[in-house]
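Beneath this line is the structure, given in structure tokens, with notes to follow.
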Amino acid sequence: LIAEVERAAKLLATQSNICILTGAGISAESGIPTFRDKQTGLWENYQAEDLATPTAFEQDPKLVWSWYQWRRALVHEKKPNPAHIALAKWQHAAKKGQQRITLVTQNVDDLHEQAGSSATHLHGHLWRNRCHDCGSPVTQDTEAPSGSKDARFDDELITCAQCGGYIRPDIVWFGEALPVQAWQTAEEAAANCDVFMSIGTSSLVYPAASLAHLAQQNGAKLIEINPNPTPNTMVDITLAEKAGVVMPLLVQQITT
Ligand code: NAD
Ligand code: APR
Ligand code: ZN
């Protein structure tokens with residue numbers, strides 16, 4: 001692995017435009033279960049497909065709210081792990097140099113931000129709310145969520161001051177379009193980067209998974225950090241290791 005890390009560091013240290021895509025795997029070592037990992041897969045236990053959809057919310061908003069209260073309780077107090085921290089350190093170092101690093105994440109937790117990174121969120125933010133009908137953001141006090149796995153959400157549903165619609169978590173659900181601005185930022189970064197590095201994503205969900213292909217079409221080199229194989233076949237350097245282990249090594253080599 002060390003040889004691969006050295007190759008990756010040499011490549012990353014010399015290029016000027018880097019695009020990084022992270023997924024649930026980068027938060028796994030912070031104790032947040034990923035979606036598709038076997039035993040802890042959130043999906044197996046909670047049929048995210050049935051809950052993270054606009055239809056589910058329109059049919060039973062309280063059910064969807066109880067699931068998100070539980071997800072907030074799960075993520076609450078989770079801290080950035082060495083992968084988030086190394087990435088933030090590298091972003092700061094790059095700002096001083098000529099390197100441009102665009103960090104795009106599919107995650108809805110705020111661990112990148114807690115570590116000091118700025119990230120483009122393709123799938124929204126677990127800690128924010130917005131109106132289901134007109135989309136206006138709702139400043140919500142981040143009180144510690146009371147959610148537990150089985151408790152049903154029994155508060156009154158909050159309605160939008162602008163249009164009276166129901167307030168919902170600011171997350172992109174199945175079948176919903178991604179935020180236009182976020183997607184444009186991600187597409188542009190992937191289309192103009194010299195190196196595209198994906199960290200902790202199964203690369204199964206579109207359109208996020210198409211960014212690697214876009215980068216490759218533009219001639220970028222591809223690096224992947226994932227202990228398991230993914231459908232990405234055209235990767236130049238694979239670091240088959242946990243992000244929390246390999247990111248500190250990689251950033252240490254890049255920044256010295
Ligand atoms: P999907 O393919 O049904 O939806 C993806 C959406 O992305 C489509 O509705 C489409 O509008 C948009 N899209 C596709 N290609 C695009 C492009 N080239 N440019 C701009 N927009 C494009 O995917 P899905 O599996 O139904 O999930 C929808 C989204 O919700 C996914 O991004 C998924 O990751 C996300 N999601 C989030 C959670 C969560 O809790 N964070 C859970 C489930 C799904
Ligand atoms: N370090 C790096 N990668 C890891 C680690 C780790 N410590 N642990 C697990 N992984 C890898 C797994 O091998 C898997 O390939 O992280 C990946 C997690 O993949 P998913 O669970 O599919 O999460 P993600 O790719 O982010 O899912 C994409 O789908 O459910 C929607 O919107 C949701 O953003 C999510 C999107
Ligand atoms: Zn509204």
Side-chain angles (χ1 to χ4, degrees), residues 1 20-53 61 67-68 71 75 78 80-84 86-87 104-109 111-112 119-126 129-138 157-179 182-183 186 197-212 223-232 235 238-250:
L1 176 84
I20 298 175
L21 174 68
T22 62
I26 200 169
S27 297
E29 289 156 274
S30 297
I32 301 178
T34 67
F35 293 92
R36 290 169 195 82
D37 275 358
K38 296 291 150 281
Q39 72 292 352
T40 60
L42 212 50
W43 285 18
E44 279 78 359
N45 314 333
Y46 293 92
Q47 294 83 35
E49 301 89 328
D50 311 328
L51 291 167
T53 73
W67 187 57
Y68 275 98
R71 281 193 65 189
V75 173
K78 293 292 190 290
N81 65 60
H84 296 105
L87 199 42
V104 178
T105 187
Q106 299 169 90
N107 297 338
V108 293
D109 62 50
L111 297 185
H112 280 309
T120 296
H121 281 248
L122 293 180
H123 298 158
H125 303 262
L126 185 61
N129 292 331
R130 68 170 145 89
C131 173
H132 182 57
D133 295 342
C134 72
S136 46
V138 172
L157 287 164
I158 318 165
T159 51
C160 165
Q162 266 71 15
C163 77
Y166 284 140
I167 299 305
R168 61 176 267 184
D170 184 16
I171 285 198
V172 179
W173 283 335
F174 285 97
E176 292 187 315
L178 275 59
W183 179 249
M197 176 155 73
S198 76
I199 307 174
T201 178
S202 58
S203 302
L204 291 173
V205 174
Y206 283 78
S210 62
L211 294 170
I223 300 175
E224 185 163 84
I225 297 179
N226 193 326
N228 302 313
T230 75
N232 281 344
V235 176
T238 301
L239 302 175
E241 181 50 85
K242 293 184 168 180
V245 169
V246 72
M247 278 307 290
L249 298 175
L250 188 62

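One-based numbering, in listed order, for ligands and for the atoms of each. All heavy atoms count here, side chains included; hydrogens, waters and symmetry mates do not.
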Does an N or O from S203, backbone or side chain, lie closer than 3.5 Å to an N or O of ligand 2?
-> no
With heavy atoms of N228 as the reference, note each atom of ligand 2 found under 4.0 Å away.
-> 12 (C), 13 (O)
For residues R130 and R168, determine if any side-chain heavy atom of one lies less than 4.5 Å from a side-chain heavy atom of the other.
-> yes
Under 4.5 Å between any side-chain heavy atoms of Y166 and I158, yes or no?
-> no
Pairwise distance CD(Q162) to SG(C134) - rounded to 0.5 angstrom = 5.5 Å
dist L21:CG -> L122:CG (nearest 0.5 Å) comes out at 7.0 Å
Run down the list G23, A243, G25 and name the one with the heavy atom closest to atom 10 (N) of ligand 2.
-> G25
Considering only heavy atoms from C-beta outward, does the side chain of D109 approach that of L126 to under 4.5 Å?
-> no
With a 4.5 Å limit on heavy-atom distance, are the side chains of D170 and H121 in contact?
-> no
N81 side chain reached by M247 side chain, heavy atoms, under 4.5 Å | no
Distance col, row L178:CG vs H123:NE2, nearest 0.5 angstrom, shows 4.5 Å
Interatomic distance, CG@L111 vs CD1@I32, rounded to 0.5 Å, equals 4.5 Å
Close side-chain approach of R71 to V108, heavy-atom, < 4.5 Å | yes
Between A83 and I26 the two heavy atoms that sit nearest each other are CB-CG1, 3.7 Å
Answer yes or no: does an N/O atom from A24 fall short of 3.5 Å to an N/O atom of ligand 2?
-> yes
Element-labelled atoms of ligand 2 that are located less than 4.0 Å from some non-hydrogen atom of E29 = 1 (N), 6 (C), 7 (N)
Just say parallel, tilted or perpendicular for the rings of W173 and H132, cut-offs at 30° and 60°.
-> tilted
So do I225 and L250 actually touch side chain to side chain, heavy atoms under 4.5 Å?
-> yes
Those atoms of ligand 2 less than 4.0 Å from some heavy atom in A28 = 8 (N)
Which of these, A83, S202, S27, has its nearest heavy atom closest to atom 19 (O) of ligand 2?
-> S202
Taking atom 3 (N) of ligand 2 as the point of reference, which of P227, A240, A52 owns the nearest heavy atom?
-> P227
Check: V205 and F35 side chains under 4.5 Å, non-hydrogen atoms | no
Please state whether G244 comes within less than 4.0 angstrom of ligand 2, counting heavy atoms only.
-> no
May I ask you to identify, for K242, whether its side chain, its backbone, both or neither come under 4.0 Å of ligand 2 on a heavy-atom basis?
-> both
Would you please determine whether N226 falls within less than 4.0 Å of ligand 2 on a heavy-atom basis?
-> yes
Among V246, V205, T22, which one has a heavy atom closest to atom 36 (C) of ligand 2?
-> V205
Output yes when the distance from some N or O of ligand 2 to some N or O of T230 is under 3.5 Å, and no in every other case.
-> no
N or O contact, I26 vs ligand 2, cut-off under 3.5 Å = no
Which protein N, O or S atoms lie under 2.8 Å from the Zn ion (ligand 3), given by chain and residue number?
-> C131 SG, C134 SG, C160 SG, C163 SG
Atom indices of ligand 2, in the order listed, that fall short of 4.0 Å to a heavy atom of Q106 = 28 (C), 34 (O), 36 (C)
Answer yes or no: does an N/O atom from I225 fall short of 3.5 Å to an N/O atom of ligand 2?
-> no
